[in-house]
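Single-structure report; data block below.
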Amino acid sequence: MKKYLHKVFEETAKKLEYLNGINITFDVPKIETHGDLSSNAAMLLTKQLKRKPREIAEEIISSLKIDEKVIHKIEIAGPGFINFFFTPEFVAQITKEILSSGEEYGKSKKHNGKKANVEFVSANPTGPLTVGHGRNAVFGDTIANLLEWVGYSVDREYYFNNAGRQMRVLGDSVRLRYLELLGNNIEFPADYYQGDYIKDIAKSLLDEYGDKLINEPAEGKFKDKAENEIFKDIKASLERLKIIHKIFYNENSLYEEGKIKNTIDTFKEKGLAYEKDNATWLKLTELGNEQDKVIVKSTGEPTYRLPDIAYHITKFNRGYDLMIDIFGSDHNATYPDVLAGLRALGFDSDKVKVLIHQFVTIMYDGEVVKMSTRKANYITLDQLEEEVGSDVVRYFFNMRNISTHMNFDLALAKKQSDENPVFYLQYAHARICSILKMIEKEELKASTENLELLATSEEQQLLRNLHKFKDEVLLSAEFFETHRICAYLEELAASFHKFYTFCRILGTERKLAEARVALAAATKIVIKNGLTILGVNAPERM
RNA sequence: GUGCCCGUAGCUCAAUCGGAUAGAGCAACAGCCUUCUAAGCUGUAGGUUAGUGGUUCGAUUCCACUCGGGCAUACCA
């Protein structure tokens, strides 16, 4: 529908030159009586032309050349909106396009040929993934899906660090549990990793080596074993949610390949780094940030900023057109430094999009559950997945704008799992599948021969929603918002359920029945495609 | 103190880069199954969009201040 109007306006702009001066957009009005599409062009031109908006609207309308078979009414409403009413026949034609594109329907070639990298999860292997990581994981994977739908070739990447203090403490935690199992009386430090998984790892080392590891250092077999086991679990947790990273990037390789040193040298050559108090500082003030920051500590170890910058340089060098970083809000202070550093080195930091999600507050029966991997009082992503299933987890984390602070009451989620919106969508899909099976027995088929018969308000509403899908995918990808897809699908499913209730197929005149089957089949495709983007299953039966 | 995010119905959240009468789900109440899945549909009720000003044809959206919450504010990552 929009495509048609854009064409018409382009033609008209040749006559009314002032139309070229504004960005003409068409919105779907909230209220049905305001038409199928609406333009605020006249209002936007008020200031520029110094004329009344309704008067401008009149002039625009009288210059438009439209096909009566496509648009049957145009009116001026309110302060100067131009509302377009499409003919039911035209609206119904979308069915054909959907049926012929099938699984491809909704994909676009807008960014064909471009490469994107989505870095997400990136939790260090010190413990199982928590519910808190779930939001990051699900959102990141869905963003990657969305980018693929608009044409990008996407690499999913996981950045991790298996060195440093955290990992030393991890190894030593395992070592102490191991010694404990050998009958030693150990005082286990409060700031060590308390979780039972540490004991499990210690146990499997005991089974494998007996008491031969008594004198093994914490950073030897203990750390290695812990890292391997934990990573295995993390990957398994992600896989249960259909999340598979293509690249695991080890921070250590930045050191081994000399990339850290190169980065410092470059900063120094450009006069952007200096020594003070035995440490190396980055002149961020010169780059427009608030204060200078340390990039190499007086101990000689870099702070996180330096490897982060070096890491992003590798992404640039790998040729990505778009690099997405997905972080929790605890990172909100760090990325401006990294971006400024990249800019200073001549990289186009606009290609890096940092998406920050707010934290999930986990509640249990109204009580806030504080999460800490160290203290092991967390709820794991696995537990959540077992409790409510992968579909609900994925839908739940996708359905909210990432900038909201999300409250999640686990006890409530269990109780309400039957009434979760994801079932509403899946139910619509299952109902359609059931119709499609039924019509075989009745010797009916889907037919697009007489689509103009789809003229009731329920049918037209459903059709109008089908029209929106492509735009929703594009907008969701452009704004990096997954919740739009959820909101859209809920609207679509609602209009289908209404259609289902009021527009029967059995007992209806054959031509109309077959047009309705076609409409149902098209709806099935769009629901399924939408759920596919979200990574949620579309069951044939429920 | 400063920076970022947030405050919308009893609860969880939407609202198309400023649009028309602020919408859904859950919870509550009243209806609808001898024909395609009642995990559905129809209806009722629920709001000073935290507050006060400002910007303009028009503000939940932008700006300023106030109140309240989250996250940061390291030579931790």
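Every chain is numbered from 1, with letters handed out A, B, ... down the list of sequences. For the numbers below, each heavy atom of this structure counts, side chains included, while hydrogens, waters and symmetry mates do not.
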Inset, instruction - Name the nucleic acid region contacted by Asp277(A), choosing base, sugar-phosphate or nothing; use a 4.0 angstrom heavy-atom cut-off, strictly under. - result: base

Inset, instruction - Can you tell me the distance, in whole Å, between the CD1 atom of Ile76(A) and the C1' atom of G19(B)? - result: 17 Å

Legend entry - Distance between P atoms of C65(B) and U2(B) (Å, rounded): 10 Å

Inset, instruction - Can you figure out which of C71(B), U16(B), A72(B) approaches the side chain of Leu475(A) most closely? - result: U16(B)

Legend entry - Enclosure of Glu509(A) CD (heavy-atom neighbours >12, cutoff 6.0 Å): yes

Inset, instruction - Select base, sugar-phosphate, or nothing to describe what Asn161(A) touches, counting heavy atoms under 4.0 Å on all strands. - result: sugar-phosphate

Legend entry - Between A14(B) (C1') and Lys468(A) (NZ): distance, integer Å: 13 Å

Inset, instruction - Pick base, sugar-phosphate or nothing for Ala279(A), based on heavy-atom distances below 4.0 Å to the nucleic acid. - result: base

Inset, instruction - With a 3.5 angstrom cut-off on both distances, give the Watson-Crick or G-U wobble partner of G25(B), or none if there isn't one. - result: C11(B)

Inset, instruction - Report yes if a donor N or O on one partner sits less than 3.5 Å from an acceptor N or O on the other, where the partners are the side chain of Asn332(A) and the base of C71(B); otherwise report no. - result: yes

Legend entry - Nearest-angstrom distance, P atom, G7(B) to U61(B): 11 Å

Inset, instruction - Check every strand shown and say whether Glu251(A) touches a base, only sugar-phosphate, or nothing at a heavy-atom separation below 4.0 Å. - result: sugar-phosphate

Inset, instruction - Describe the nucleic acid contact of Val296(A) in one word from base, sugar-phosphate, nothing, applying a heavy-atom distance below 4.0 Å. - result: nothing

Legend entry - Cation-pi check, Arg431(A) onto Tyr500(A) ring (under 6.0 Å, within 45° of axis): yes

Inset, instruction - Would you mind classifying the nucleic acid contact of Phe81(A) as base, sugar-phosphate or nothing, using non-hydrogen atoms under 4.0 angstrom? - result: base

Legend entry - Nearest-neighbour nucleotide for the Arg431(A) side chain, U37(B), C41(B), A72(B) considered: U37(B)

Inset, instruction - Measure from the ring center of Tyr158(A) to the ring center of Phe231(A) and say whether it is less than 6.0 Å. - result: yes

Legend entry - Rounded P spacing from C41(B) to A27(B) in Å: 13 Å

Inset, instruction - Enter the distance from Arg400(A):CZ to His483(A):NE2 here, rounded to the nearest 0.5 Å. - result: 10.0 Å

Inset, instruction - Mind calculating the distance between CG (Asn420(A)) and C1' (U12(B)) to the nearest angstrom? - result: 11 Å

Legend entry - Residue pair Arg394(A) / Thr142(A), side-chain donor-acceptor N/O under 3.5 Å: yes

Inset, instruction - Check every strand shown and say whether Ala428(A) touches a base, only sugar-phosphate, or nothing at a heavy-atom separation below 4.0 Å. - result: nothing

Inset, instruction - Return the nearest nucleotide to the side chain of Pro79(A); candidates are U12(B), G19(B), U37(B). - result: G19(B)

Legend entry - For U42(B), the Watson-Crick or wobble partner whose two distances fall under 3.5 Å: A30(B)

Legend entry - Check: G7(B) base within 3.5 Å donor-acceptor of His405(A) side chain: no

Legend entry - Under 3.5 Å: donor-acceptor pair, side chain of Thr46(A), backbone of Ala42(A): yes

Inset, instruction - Measure from CZ on Arg165(A) to C1' on C75(B) and round the result to the nearest Å. - result: 15 Å

Inset, instruction - Using the six-membered ring for Trp and the full ring for Phe, Tyr or His, decide whether Tyr500(A) stacks on the six-membered base ring of G40(B) (centres under 5.5 Å, planes under 30°). - result: no

Inset, instruction - Check the distance between G25(B)'s C1' and Tyr427(A)'s OH and give it to me in whole angstrom. - result: 17 Å

Legend entry - Watson-Crick or G-U counterpart of C57(B), or none if no pair lies under 3.5 Å: G19(B)

Inset, instruction - Indicate, with a heavy-atom threshold strictly under 4.0 Å, whether Ser403(A) touches base, sugar-phosphate, or nothing. - result: sugar-phosphate

Inset, instruction - Answer yes or no: does a side-chain N or O of Ser434(A) lie under 4.0 Å from OP1 or OP2 of U37(B)? - result: yes

Legend entry - His357(A) vs C71(B): side-chain N/O to OP1/OP2 distance below 4.0 Å: no

Inset, instruction - Mind calculating the distance between CZ (Arg168(A)) and P (C76(B)) to the nearest angstrom? - result: 12 Å

Inset, instruction - Side chain of Phe502(A) only, please: which of U42(B), A72(B), A77(B) is the nearest? - result: U42(B)

Inset, instruction - May I ask you to say what Thr334(A) touches in the nucleic acid, namely base, sugar-phosphate or nothing, with a heavy-atom cut-off under 4.0 Å? - result: base

Inset, instruction - Look at all strands and tell whether Ser38(A) reaches a base, only sugar-phosphate, or nothing, counting heavy atoms closer than 4.0 Å. - result: base

Inset, instruction - Output yes when at least one side-chain N/O atom of Tyr424(A) is less than 4.0 Å from OP1 or OP2 of C41(B), else no. - result: yes

Inset, instruction - Between C41(B), A77(B), A38(B), spot the one nearest the side chain of Thr501(A), thanks. - result: C41(B)

Inset, instruction - Would you tell me if any nitrogen or oxygen in the side chain of Lys30(A) comes within less than 4.0 Å of OP1 or OP2 on A14(B)? - result: no

Inset, instruction - Kindly point out which of G70(B), A72(B), U16(B) is positioned nearest to the side chain of Gln358(A)? - result: G70(B)

Inset, instruction - Using only side-chain N and O atoms of Lys441(A), determine if any of them is under 4.0 Å from OP1 or OP2 of C36(B). - result: no

Legend entry - Nearest-Å distance once atom P is located in both G1(B) and U66(B): 10 Å

Inset, instruction - Mind checking Arg541(A) for me? I need base, sugar-phosphate or nothing, with any heavy atom below 4.0 Å counting as a touch. - result: base

Inset, instruction - Rounded to the nearest angstrom, tell me the gap between atom CG in Asp330(A) and atom P in A77(B). - result: 14 Å

Inset, instruction - Give one of base, sugar-phosphate or nothing for Asn401(A), where a contact means two heavy atoms less than 4.0 Å apart. - result: sugar-phosphate

Inset, instruction - With the side chain counted from C-beta on, respond yes when Phe81(A) and Glu75(A) share a heavy-atom pair under 4.5 Å apart, and no when they do not. - result: no

Legend entry - Integer angstrom distance from the C1' of C71(B) to that of C75(B): 23 Å

Legend entry - Distance below 4.0 Å between Lys498(A) side-chain N/O and U42(B) OP1 or OP2: yes

Legend entry - From U42(B), G40(B), G19(B), nucleotide with atom closest to His497(A) side chain: G40(B)

Legend entry - Interatomic distance at P, A9(B) relative to A24(B), whole Å: 16 Å

Inset, instruction - Rounded to whole angstrom, note down the C1' distance from C4(B) over to G51(B). - result: 22 Å

Inset, instruction - Begin from the C-alpha positions of Asp350(A) and Arg343(A) and carry the test salt bridge (Lys or Arg N to Asp or Glu O under 4.0 Å) through to its verdict. - result: CA-CA 9 Å; Asp350(A) 287 343; Arg343(A) 262 196 305 277; 5.8 Å; no

Inset, instruction - Answer syn or anti for C29(B), where the cut-off is 90° from 0 on the glycosidic torsion. - result: anti

Legend entry - C4(B) pairs with, by Watson-Crick or G-U criteria that keep both distances under 3.5 Å: G70(B)

Inset, instruction - Could you tell me whether Glu481(A) contacts a base, only the sugar-phosphate backbone, or nothing, with contacts defined as non-hydrogen atoms closer than 4.0 Å? - result: nothing

Inset, instruction - Find the distance Arg400(A):CZ to G70(B):C1' and express it as a whole number of Å. - result: 18 Å

Inset, instruction - Using Watson-Crick or G-U wobble geometry with both distances below 3.5 Å, tell me the partner of C75(B), or none. - result: none

Inset, instruction - Examine the base of C6(B) for any acceptor or donor lying under 3.5 Å from a partner atom in the side chain of Thr404(A), and report the outcome as yes or no. - result: no

Legend entry - Out of A77(B), G19(B), C71(B), whichever nucleotide has its closest atom nearest the side chain of Asn40(A): G19(B)

Legend entry - Per-pair stack call His34(A) and A20(B), 5.5 Å, 30°: yes

Inset, instruction - Report which part of the nucleic acid Thr46(A) touches: base, sugar-phosphate, or nothing (heavy-atom distance under 4.0 Å, all strands). - result: nothing

